[in-house]
Amino acid sequence: MAAPGQKVVLITGCSSGIGLRIAVLLARDDARRYHVIATMRDLKRKEKLVEAAGDAYGKTLSLLTLDVCSDESVKQCIDAVKDRHIDVLINNAGIGLVGPVESISMDDMKKVFETNFFGVIRMIKEVMPDMKKRRGGHIIVVSSVMGLQGVVFNDVYAASKFAMEGFCESLAVQLLKFNVTLSMIEPGPVHTEFEMKMIADVSKKEFPGTDPDTVNYFKNVYLPSSVDIFEALGQTPDDIAMCTKKVIEARSPRFRNLTNPLYTPIVAMKYADETGGLSVHAFYHMLFNMGSIMHLSMNLMKCLTCGCLRRRTISPS
Ligand SMILES: NC(=O)C1=CN([C@@H]2O[C@H](COP(=O)(O)OP(=O)(O)OC[C@H]3O[C@@H](n4cnc5c(N)ncnc54)[C@H](OP(=O)(O)O)[C@@H]3O)[C@@H](O)[C@H]2O)C=CC1
Ligand SMILES: CC1=C(/C=C/C(C)=C/C=C/C(C)=C/C=O)C(C)(C)CCC1
(Lines give C-alpha, C1' and ligand atoms only; values in the text may rest on other atoms or scores of the structure.)
(Ligands and ions follow the chains in the order given, each with its own letter.)
Protein backbone atom coordinates (compact mmCIF):
# COMPACT_ATOMS: atom_id res chain seq x y z
CA MET A 1 0.00 0.00 0.00
CA ALA A 2 1.18 3.56 -0.76
CA ALA A 3 2.64 5.51 2.17
CA PRO A 4 1.23 9.01 2.83
CA GLY A 5 2.61 11.51 0.32
CA GLN A 6 3.60 8.83 -2.19
CA LYS A 7 2.25 9.07 -5.72
CA VAL A 8 0.46 5.96 -6.94
CA VAL A 9 1.71 5.08 -10.45
CA LEU A 10 0.00 2.33 -12.45
CA ILE A 11 1.86 0.99 -15.50
CA THR A 12 0.60 -1.42 -18.18
CA GLY A 13 2.78 -4.06 -19.89
CA CYS A 14 5.53 -4.48 -17.28
CA SER A 15 6.69 -8.03 -18.11
CA SER A 16 9.48 -6.69 -20.35
CA GLY A 17 11.07 -3.72 -22.10
CA ILE A 18 10.11 -0.12 -21.47
CA GLY A 19 7.29 -0.84 -18.96
CA LEU A 20 9.58 -3.02 -16.85
CA ARG A 21 12.35 -0.37 -16.76
CA ILE A 22 9.92 2.48 -15.93
CA ALA A 23 8.49 0.38 -13.07
CA VAL A 24 11.96 -0.36 -11.65
CA LEU A 25 13.23 3.22 -12.00
CA LEU A 26 10.23 4.71 -10.19
CA ALA A 27 10.00 2.00 -7.51
CA ARG A 28 13.72 2.44 -6.72
CA ASP A 29 13.47 6.26 -6.49
CA ASP A 30 15.92 7.39 -3.77
CA ALA A 31 13.35 9.67 -2.16
CA ARG A 32 10.66 6.92 -2.27
CA ARG A 33 8.20 9.30 -3.89
CA TYR A 34 6.30 6.60 -5.79
CA HIS A 35 4.26 3.51 -5.10
CA VAL A 36 4.32 1.58 -8.36
CA ILE A 37 1.59 -0.84 -9.37
CA ALA A 38 3.23 -2.78 -12.18
CA THR A 39 0.70 -4.72 -14.24
CA MET A 40 1.02 -7.49 -16.80
CA ARG A 41 -1.44 -9.82 -18.50
CA ASP A 42 0.27 -12.97 -17.20
CA LEU A 43 1.88 -12.88 -13.75
CA LYS A 44 3.89 -16.00 -14.67
CA ARG A 45 6.12 -13.52 -16.54
CA LYS A 46 6.90 -11.49 -13.40
CA GLU A 47 10.38 -12.95 -12.62
CA LYS A 48 12.48 -10.48 -14.66
CA LEU A 49 10.69 -7.54 -13.07
CA VAL A 50 10.89 -8.92 -9.54
CA GLU A 51 14.60 -9.61 -9.94
CA ALA A 52 15.31 -6.12 -11.35
CA ALA A 53 13.26 -4.44 -8.62
CA GLY A 54 15.26 -6.14 -5.84
CA ASP A 55 14.21 -5.04 -2.35
CA ALA A 56 11.69 -2.51 -3.76
CA TYR A 57 9.39 -5.48 -4.53
CA GLY A 58 6.69 -5.69 -1.85
CA LYS A 59 7.58 -2.19 -0.59
CA THR A 60 7.32 0.47 -3.30
CA LEU A 61 6.40 -2.02 -6.02
CA SER A 62 3.34 -4.25 -6.16
CA LEU A 63 1.95 -6.37 -8.98
CA LEU A 64 -1.51 -6.83 -10.47
CA THR A 65 -2.84 -8.75 -13.47
CA LEU A 66 -4.14 -6.62 -16.32
CA ASP A 67 -4.92 -7.35 -19.96
CA VAL A 68 -5.63 -4.07 -21.75
CA CYS A 69 -7.77 -5.94 -24.30
CA SER A 70 -10.33 -7.09 -21.71
CA ASP A 71 -13.00 -4.82 -20.15
CA GLU A 72 -13.33 -7.21 -17.23
CA SER A 73 -9.62 -7.44 -16.51
CA VAL A 74 -9.21 -3.64 -16.62
CA LYS A 75 -12.13 -3.07 -14.25
CA GLN A 76 -11.01 -5.80 -11.84
CA CYS A 77 -7.51 -4.37 -11.72
CA ILE A 78 -8.55 -0.75 -11.08
CA ASP A 79 -11.14 -1.89 -8.47
CA ALA A 80 -8.29 -3.67 -6.65
CA VAL A 81 -6.40 -0.38 -6.20
CA LYS A 82 -7.13 1.29 -2.83
CA ASP A 83 -9.97 3.83 -3.35
CA ARG A 84 -9.28 3.43 -7.10
CA HIS A 85 -6.81 6.26 -6.49
CA ILE A 86 -4.19 6.49 -9.27
CA ASP A 87 -2.07 9.64 -9.57
CA VAL A 88 -0.14 8.65 -12.68
CA LEU A 89 -1.39 6.18 -15.31
CA ILE A 90 1.30 5.01 -17.74
CA ASN A 91 -0.14 3.35 -20.84
CA ASN A 92 2.82 1.38 -22.12
CA ALA A 93 1.47 -2.02 -23.29
CA GLY A 94 1.68 -2.32 -27.05
CA ILE A 95 2.50 -4.65 -29.93
CA GLY A 96 4.22 -4.16 -33.29
CA LEU A 97 3.37 -5.39 -36.79
CA VAL A 98 5.50 -5.11 -39.92
CA GLY A 99 5.17 -6.48 -43.42
CA PRO A 100 3.40 -5.94 -46.73
CA VAL A 101 -0.27 -5.07 -46.09
CA GLU A 102 -1.43 -7.73 -48.60
CA SER A 103 0.10 -10.48 -46.46
CA ILE A 104 -1.41 -9.44 -43.12
CA SER A 105 -4.78 -10.85 -42.04
CA MET A 106 -7.54 -8.46 -40.96
CA ASP A 107 -7.56 -10.26 -37.59
CA ASP A 108 -3.87 -9.45 -37.01
CA MET A 109 -4.48 -5.82 -37.94
CA LYS A 110 -7.46 -5.61 -35.57
CA LYS A 111 -5.33 -7.09 -32.76
CA VAL A 112 -2.87 -4.20 -33.15
CA PHE A 113 -5.65 -1.62 -32.90
CA GLU A 114 -7.32 -3.56 -30.06
CA THR A 115 -4.08 -3.36 -28.04
CA ASN A 116 -2.41 -0.09 -29.06
CA PHE A 117 -5.52 2.04 -29.53
CA PHE A 118 -8.60 0.59 -27.82
CA GLY A 119 -6.41 -0.83 -25.01
CA VAL A 120 -5.28 2.68 -24.07
CA ILE A 121 -8.81 4.09 -24.37
CA ARG A 122 -10.15 1.26 -22.18
CA MET A 123 -7.61 2.23 -19.48
CA ILE A 124 -8.30 5.95 -19.77
CA LYS A 125 -12.09 5.43 -19.56
CA GLU A 126 -11.64 3.46 -16.34
CA VAL A 127 -9.18 5.82 -14.62
CA MET A 128 -9.98 9.31 -15.96
CA PRO A 129 -13.38 9.90 -14.27
CA ASP A 130 -11.79 9.53 -10.78
CA MET A 131 -8.95 11.88 -11.80
CA LYS A 132 -11.47 14.45 -13.07
CA LYS A 133 -13.44 14.20 -9.81
CA ARG A 134 -10.25 14.75 -7.79
CA ARG A 135 -9.16 17.59 -10.12
CA GLY A 136 -5.74 16.02 -10.49
CA GLY A 137 -3.75 13.30 -12.20
CA HIS A 138 -1.34 12.60 -15.02
CA ILE A 139 -2.01 10.25 -17.94
CA ILE A 140 1.02 9.18 -19.97
CA VAL A 141 0.83 7.34 -23.28
CA VAL A 142 3.85 5.57 -24.74
CA SER A 143 3.25 6.40 -28.38
CA SER A 144 6.07 6.34 -30.96
CA VAL A 145 7.78 8.47 -33.60
CA MET A 146 5.55 6.36 -35.83
CA GLY A 147 2.60 8.20 -34.27
CA LEU A 148 3.93 11.34 -35.98
CA GLN A 149 5.62 10.02 -39.12
CA GLY A 150 4.68 6.84 -40.97
CA VAL A 151 7.38 4.34 -41.90
CA VAL A 152 7.17 2.09 -44.95
CA PHE A 153 5.93 -1.49 -44.23
CA ASN A 154 4.77 -0.40 -40.74
CA ASP A 155 1.44 0.87 -42.12
CA VAL A 156 -0.92 -0.64 -39.54
CA TYR A 157 1.31 -0.12 -36.50
CA ALA A 158 1.88 3.53 -37.48
CA ALA A 159 -1.87 3.98 -38.03
CA SER A 160 -2.58 2.65 -34.51
CA LYS A 161 -0.15 5.17 -33.00
CA PHE A 162 -1.44 8.03 -35.22
CA ALA A 163 -4.96 7.19 -33.98
CA MET A 164 -3.72 7.45 -30.40
CA GLU A 165 -2.06 10.80 -31.07
CA GLY A 166 -5.32 12.17 -32.55
CA PHE A 167 -7.35 10.86 -29.64
CA CYS A 168 -4.98 12.33 -27.04
CA GLU A 169 -4.55 15.70 -28.80
CA SER A 170 -8.32 16.08 -28.60
CA LEU A 171 -8.71 14.83 -25.03
CA ALA A 172 -5.82 16.89 -23.59
CA VAL A 173 -7.75 20.14 -24.06
CA GLN A 174 -10.76 18.96 -22.06
CA LEU A 175 -8.58 17.43 -19.34
CA LEU A 176 -6.75 20.71 -18.78
CA LYS A 177 -10.05 22.13 -17.49
CA PHE A 178 -9.97 19.42 -14.78
CA ASN A 179 -6.28 19.88 -13.92
CA VAL A 180 -5.49 16.46 -15.42
CA THR A 181 -2.33 16.37 -17.56
CA LEU A 182 -1.86 14.21 -20.65
CA SER A 183 1.62 13.51 -22.08
CA MET A 184 2.86 11.47 -25.03
CA ILE A 185 6.25 9.73 -25.01
CA GLU A 186 7.49 9.26 -28.57
CA PRO A 187 10.51 6.93 -28.81
CA GLY A 188 12.26 5.97 -32.03
CA PRO A 189 13.74 2.45 -32.17
CA VAL A 190 14.41 0.93 -28.74
CA HIS A 191 16.22 -2.36 -28.04
CA THR A 192 13.55 -4.50 -26.37
CA GLU A 193 11.66 -7.75 -27.04
CA PHE A 194 9.60 -5.65 -29.50
CA GLU A 195 12.51 -5.78 -31.97
CA MET A 196 13.10 -9.52 -31.38
CA LYS A 197 9.39 -10.35 -31.72
CA MET A 198 9.31 -8.44 -35.03
CA ILE A 199 12.30 -10.33 -36.44
CA ALA A 200 11.01 -13.72 -35.20
CA ASP A 201 7.55 -13.00 -36.64
CA VAL A 202 8.89 -11.98 -40.05
CA SER A 203 11.24 -14.96 -40.35
CA LYS A 204 8.28 -17.39 -39.96
CA LYS A 205 6.14 -15.69 -42.61
CA GLU A 206 5.45 -16.78 -46.18
CA PHE A 207 3.76 -13.48 -47.29
CA PRO A 208 0.66 -15.01 -48.95
CA GLY A 209 -0.99 -12.89 -51.63
CA THR A 210 2.05 -10.66 -52.07
CA ASP A 211 3.85 -10.22 -55.40
CA PRO A 212 7.55 -11.18 -55.59
CA ASP A 213 8.74 -7.56 -56.10
CA THR A 214 7.07 -6.39 -52.90
CA VAL A 215 8.43 -9.38 -50.93
CA ASN A 216 11.88 -8.56 -52.31
CA TYR A 217 11.62 -4.86 -51.30
CA PHE A 218 10.45 -5.85 -47.85
CA LYS A 219 13.00 -8.60 -47.18
CA ASN A 220 16.04 -7.32 -49.02
CA VAL A 221 15.65 -3.53 -48.92
CA TYR A 222 13.51 -2.56 -45.89
CA LEU A 223 14.59 -5.20 -43.34
CA PRO A 224 18.38 -4.64 -43.66
CA SER A 225 17.81 -0.83 -43.46
CA SER A 226 15.61 -1.32 -40.42
CA VAL A 227 18.30 -3.39 -38.70
CA ASP A 228 20.81 -0.61 -39.50
CA ILE A 229 18.48 2.05 -38.12
CA PHE A 230 18.01 0.06 -34.88
CA GLU A 231 21.79 -0.28 -34.56
CA ALA A 232 22.53 3.36 -35.36
CA LEU A 233 19.66 5.15 -33.57
CA GLY A 234 18.46 2.54 -31.07
CA GLN A 235 17.97 3.66 -27.47
CA THR A 236 17.79 1.48 -24.38
CA PRO A 237 14.57 1.00 -22.40
CA ASP A 238 16.39 2.79 -19.55
CA ASP A 239 16.71 5.90 -21.77
CA ILE A 240 12.94 5.89 -22.25
CA ALA A 241 12.32 5.26 -18.53
CA MET A 242 14.50 8.26 -17.60
CA CYS A 243 12.71 10.47 -20.11
CA THR A 244 9.33 9.33 -18.72
CA LYS A 245 10.43 10.05 -15.13
CA LYS A 246 11.46 13.59 -16.18
CA VAL A 247 8.03 14.11 -17.75
CA ILE A 248 6.29 12.94 -14.54
CA GLU A 249 8.47 15.23 -12.42
CA ALA A 250 8.29 18.33 -14.65
CA ARG A 251 6.47 21.30 -13.13
CA SER A 252 4.72 21.86 -16.42
CA PRO A 253 4.95 18.61 -18.42
CA ARG A 254 5.11 18.86 -22.21
CA PHE A 255 2.40 17.23 -24.29
CA ARG A 256 4.84 15.76 -26.86
CA ASN A 257 8.11 14.17 -25.83
CA LEU A 258 10.36 12.78 -28.57
CA THR A 259 12.96 10.74 -26.70
CA ASN A 260 15.54 10.61 -29.48
CA PRO A 261 16.99 13.90 -30.79
CA LEU A 262 18.46 12.03 -33.78
CA TYR A 263 14.89 11.54 -34.98
CA THR A 264 13.85 15.22 -34.69
CA PRO A 265 14.84 16.17 -38.30
CA ILE A 266 12.79 13.25 -39.68
CA VAL A 267 9.68 14.51 -37.90
CA ALA A 268 10.49 18.19 -38.67
CA MET A 269 10.53 17.42 -42.41
CA LYS A 270 6.83 16.70 -42.28
CA TYR A 271 6.01 20.15 -40.88
CA ALA A 272 8.42 21.89 -43.30
CA ASP A 273 6.28 21.00 -46.33
CA GLU A 274 2.52 21.10 -46.00
CA THR A 275 2.02 19.15 -49.26
CA GLY A 276 3.63 16.07 -47.69
CA GLY A 277 5.74 15.53 -50.81
CA LEU A 278 9.04 16.23 -49.07
CA SER A 279 8.61 13.40 -46.54
CA VAL A 280 7.30 10.85 -49.04
CA HIS A 281 10.08 11.53 -51.56
CA ALA A 282 12.83 11.81 -48.94
CA PHE A 283 11.86 8.41 -47.45
CA TYR A 284 11.66 6.89 -50.92
CA HIS A 285 15.14 8.22 -51.70
CA MET A 286 16.57 7.12 -48.33
CA LEU A 287 15.20 3.62 -48.71
CA PHE A 288 15.54 2.79 -52.41
CA ASN A 289 18.49 4.95 -53.50
CA MET A 290 20.52 5.38 -50.36
CA GLY A 291 19.89 2.10 -48.52
CA SER A 292 23.28 0.64 -49.39
CA ILE A 293 25.09 3.98 -48.81
CA MET A 294 23.37 4.23 -45.38
CA HIS A 295 24.49 0.68 -44.66
CA LEU A 296 28.10 1.49 -45.57
CA SER A 297 28.18 4.80 -43.73
CA MET A 298 26.64 3.29 -40.60
CA ASN A 299 29.27 0.55 -40.61
CA LEU A 300 31.94 3.17 -41.18
CA MET A 301 30.61 5.15 -38.20
CA LYS A 302 30.66 1.98 -36.08
CA CYS A 303 34.27 1.24 -37.07
CA LEU A 304 35.33 4.81 -36.31
CA THR A 305 33.77 4.69 -32.87
CA CYS A 306 35.12 1.24 -32.02
CA GLY A 307 38.55 2.40 -33.16
CA CYS A 308 39.44 -0.50 -35.50
CA LEU A 309 39.65 1.71 -38.61
CA ARG A 310 41.70 4.37 -36.82
CA ARG A 311 44.10 1.67 -35.63
CA ARG A 312 44.36 0.22 -39.15
CA THR A 313 44.96 3.58 -40.86
CA ILE A 314 46.96 5.49 -38.25
CA SER A 315 49.16 2.96 -36.45
CA PRO A 316 52.50 2.27 -38.14
CA SER A 317 52.65 -1.33 -39.37
N1 LIG B 1 10.78 -1.02 -28.97
C2 LIG B 1 10.60 -0.01 -29.79
O3 LIG B 1 11.36 0.18 -30.76
C4 LIG B 1 9.50 0.97 -29.54
C5 LIG B 1 8.41 0.68 -28.75
N6 LIG B 1 7.40 1.62 -28.58
C7 LIG B 1 6.24 1.33 -27.75
O8 LIG B 1 6.68 1.06 -26.44
C9 LIG B 1 5.72 0.26 -25.76
C10 LIG B 1 6.42 -0.88 -25.04
O11 LIG B 1 7.08 -1.70 -25.99
P12 LIG B 1 8.48 -2.41 -25.72
O13 LIG B 1 8.84 -2.34 -24.30
O14 LIG B 1 9.43 -1.92 -26.72
O15 LIG B 1 8.10 -3.90 -26.16
P16 LIG B 1 7.99 -5.28 -25.32
O17 LIG B 1 7.48 -6.24 -26.33
O18 LIG B 1 9.26 -5.56 -24.62
O19 LIG B 1 6.88 -4.97 -24.23
C20 LIG B 1 5.52 -4.84 -24.53
C21 LIG B 1 4.73 -5.13 -23.30
O22 LIG B 1 3.34 -4.97 -23.60
C23 LIG B 1 2.68 -6.10 -23.06
N24 LIG B 1 1.39 -6.39 -23.69
C25 LIG B 1 1.13 -6.76 -24.97
N26 LIG B 1 -0.18 -6.96 -25.13
C27 LIG B 1 -0.77 -6.71 -23.93
C28 LIG B 1 -2.09 -6.74 -23.44
N29 LIG B 1 -3.12 -7.09 -24.22
N30 LIG B 1 -2.32 -6.39 -22.14
C31 LIG B 1 -1.31 -6.05 -21.33
N32 LIG B 1 -0.03 -6.04 -21.72
C33 LIG B 1 0.23 -6.34 -23.01
C34 LIG B 1 3.65 -7.25 -23.22
O35 LIG B 1 3.25 -8.30 -22.35
P36 LIG B 1 3.40 -9.88 -22.64
O37 LIG B 1 4.70 -10.24 -22.01
O38 LIG B 1 2.24 -10.48 -21.95
O39 LIG B 1 3.36 -10.05 -24.13
C40 LIG B 1 4.93 -6.56 -22.78
O41 LIG B 1 5.02 -6.51 -21.39
C42 LIG B 1 4.73 -0.21 -26.83
O43 LIG B 1 3.56 0.59 -26.74
C44 LIG B 1 5.45 0.09 -28.15
O45 LIG B 1 4.55 0.37 -29.18
C46 LIG B 1 7.49 2.85 -29.14
C47 LIG B 1 8.55 3.19 -29.93
C48 LIG B 1 9.62 2.27 -30.21
C1 LIG C 1 14.18 1.85 -43.06
C2 LIG C 1 14.13 3.31 -43.05
C3 LIG C 1 13.76 3.98 -41.95
C4 LIG C 1 13.35 3.15 -40.79
C5 LIG C 1 12.94 3.48 -39.61
C6 LIG C 1 12.57 2.57 -38.57
C7 LIG C 1 12.78 1.13 -38.75
C8 LIG C 1 12.04 3.08 -37.45
C9 LIG C 1 11.55 2.29 -36.38
C10 LIG C 1 10.86 2.85 -35.37
C11 LIG C 1 10.21 2.07 -34.36
C12 LIG C 1 10.52 0.66 -34.16
C13 LIG C 1 9.24 2.65 -33.63
C14 LIG C 1 8.42 1.94 -32.72
O15 LIG C 1 7.40 2.41 -32.32
C16 LIG C 1 13.74 5.45 -41.95
C17 LIG C 1 14.49 6.01 -40.79
C18 LIG C 1 12.32 5.91 -41.92
C19 LIG C 1 14.39 6.07 -43.19
C20 LIG C 1 14.09 5.36 -44.42
C21 LIG C 1 14.53 3.99 -44.31
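Numbers here simply count residues along the sequence, with the first being 1. First listed ligand is number 1; within each ligand, the first listed atom is number 1.
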Does an N or O from Gly19, backbone or side chain, lie closer than 3.5 Å to an N or O of ligand 1?
no

- Query: Are Tyr57 and Leu20 connected in a single hydrophobic cluster, I mean Ile/Leu/Val/Met/Phe/Trp/Tyr linked by side-chain heavy atoms less than 4.5 Å apart?
  - Reply: yes

- Query: Are side-chain heavy atoms of Val202 and Phe218 found at a separation under 4.5 Å?
  - Reply: yes

| query | Hey, does Phe230 come in under 3.5 Å of ligand 1, counting only N/O atoms on both sides? | reply | no

Counting from 1 in the order shown, the ligand 1 atoms closer than 4.0 Å to a non-hydrogen atom of Asp67 are 28 (C), 29 (N), 30 (N)

A student checking ligand 2 against Phe230 at a 4.0 Å heavy-atom cut-off should list atoms 12 (C)

Atoms of ligand 1 under 4.0 Å from any heavy atom of Lys161, numbered from 1 in the order shown, are 43 (O), 44 (C), 45 (O)

Closest to atom 12 (P) of ligand 1 (heavy atoms only, candidates Val141, Ile240, Thr192) is Thr192

Quick look: Arg45 vs ligand 1, heavy-atom contacts under 4.0 Å, and the answer is side chain

If the threshold is 4.0 Å, N to carboxylate O, is there a salt bridge linking Glu102 and Lys205?
no

Any Lys/Arg nitrogen of Lys111 or Asp107 sitting under 4.0 Å from an Asp/Glu carboxylate oxygen of the other? no

The atoms of ligand 1 lying under 4.0 Å from a heavy atom of Ser144, numbered in the order shown, are 46 (C), 47 (C)

Closest non-hydrogen contact found for Tyr222 with Val152 is CE1-O, 3.6 Å

Check: Val68 N/O within less than 3.5 Å of ligand 1 N/O: yes

Gly13 heavy atoms within 4.0 Å reach ligand 1 at atoms 21 (C), 22 (O), 23 (C), 32 (N), 41 (O)

Of all protein heavy atoms, the one nearest atom 3 (O) of ligand 1 is Val190 N, 2.8 Å

Note: heavy atom closest to atom 19 (O) of ligand 1, options Gly188, Gly147, Ser16, belongs to Ser16

Glu249 meets the side-chain hydrogen bond (donor to acceptor under 3.5 Å, both in side chains) criterion, sequence neighbours left out, with Arg33, Tyr34, Lys245

closest protein heavy atom to atom 32 (N) of ligand 1 is Ala93 CB, 3.4 Å

Please tell me if the side chains of Leu66 and Arg41 come closer than 4.5 Å, counting only heavy atoms from C-beta onward. no

If we number the atoms of ligand 1 from 1 as shown, the ones under 4.0 Å from a heavy atom of Pro189 are 3 (O)

Looking only at protein heavy atoms, what sits closest to atom 6 (N) of ligand 1 is Tyr157 OH, 3.7 Å

Numbered in order shown, the ligand 2 atoms found under 4.0 Å of a heavy atom of Ser144 are 13 (C), 14 (C), 15 (O)

Run the contact test for Gly119 against ligand 1 with a 4.0 Å cut-off on heavy atoms, strictly below, and give the result. no

Would a 4.5 Å heavy-atom cut-off, applied to side chains only, mark Phe255 and Ser183 as touching? no

Any salt bridge linking Arg256 with Glu165? Criterion: basic side-chain nitrogen under 4.0 Å from a carboxylate oxygen. yes

Q) So, do Leu63 and Val50 sit near enough that their side-chain heavy atoms are less than 4.5 Å apart? A) yes

Original post:
Would one find an N or O of Thr115, backbone or side chain, under 3.5 Å from an N or O of ligand 1?
Top reply: no

Counting from 1 in the order shown, the ligand 1 atoms closer than 4.0 Å to a non-hydrogen atom of Val142 are 7 (C), 8 (O), 9 (C), 43 (O)

With heavy atoms and a 4.0 Å threshold, my read on which part of Lys197 contacts ligand 1 is side chain

min-distance protein heavy atom vs atom 42 (C) of ligand 1 -> Asn92 O, 3.2 Å

Counting from 1 in the order shown, the ligand 1 atoms closer than 4.0 Å to a non-hydrogen atom of Leu66 are 30 (N), 31 (C)

One finds that the ligand 1 atoms under 4.0 Å from a non-hydrogen atom of Gly17 are 13 (O), 18 (O)

Under 4.0 Å between heavy atoms, the region of Pro187 that gets near ligand 1 turns out to be both

Discussion item. I'd like to check whether Ser15 has a polar contact with ligand 1, where a contact means an N/O of the residue lying under 3.5 Å from an N/O of the ligand.
Written reply: yes

Evaluate Asp211 against Tyr217 for side chain to side chain donor-acceptor pair (under 3.5 Å), listing each step before the verdict.
CA-CA 10 Å; Asp211 65 275; Tyr217 293 139; over 6 Å; no

Next item on the list: Determine, using heavy atoms of Ser143 and all atoms of ligand 1, whether some pair is separated by less than 4.0 Å.
Entry: yes

Nearest non-hydrogen protein atom to atom 5 (C) of ligand 1, with distance, is Ile18 CD1, 4.1 Å

The residue among Ile121, Val180, Leu175 that forms side chain to side chain contact (heavy atoms under 4.5 Å, CB included) with Met128 is Leu175

Atom 38 (O) of ligand 1 has as its nearest protein heavy atom Arg41 NE, 2.7 Å

The closest protein heavy-atom partner of atom 20 (C) of ligand 1 is Gly94 O, 3.7 Å

Quick one: does any side-chain atom of Glu186 pair with a main-chain N or O of Asn257 as donor and acceptor, under 3.5 Å? yes

On a heavy-atom basis, the closest approach of Leu10 and Ile78 is CD1-CD1, 4.1 Å

Under a heavy-atom criterion of less than 4.0 Å, does Met40 contact ligand 1? no

For Ser225, the ligand 2 atoms with a heavy-atom partner under 4.0 Å come out as 1 (C)

Smallest heavy-atom separation, Gly54 atom then Arg28 atom, equals CA-NH1, 4.0 Å

Quick look: Tyr263 vs ligand 2, heavy-atom contacts under 4.0 Å, and the answer is side chain

Original post:
Are the charged groups of Glu51 and Lys46 less than 4.0 angstrom apart, N to O?
Top reply: no

Any heavy atom of Pro237 under 4.0 Å from ligand 1? The part involved is neither

Original post:
Which of parallel (below 30°), tilted (30 to 60°) and perpendicular (above 60°) describes Phe117 and Phe113?
Top reply: perpendicular

Ligand 2 to Met286, heavy atom cutoff 4.0 Å, flagged ligand atoms 19 (C), 20 (C)

Tightest non-hydrogen contact, residues Ser203 and Ala200, listed as OG-O, 2.9 Å

message = Between Phe230 and Phe194, is the ring-ring contact (aromatic ring centres under 6.0 Å, His included) condition met? List the steps.
response = CA-CA 12 Å; Phe230 262 92; Phe194 186 93; 7.5 Å; no

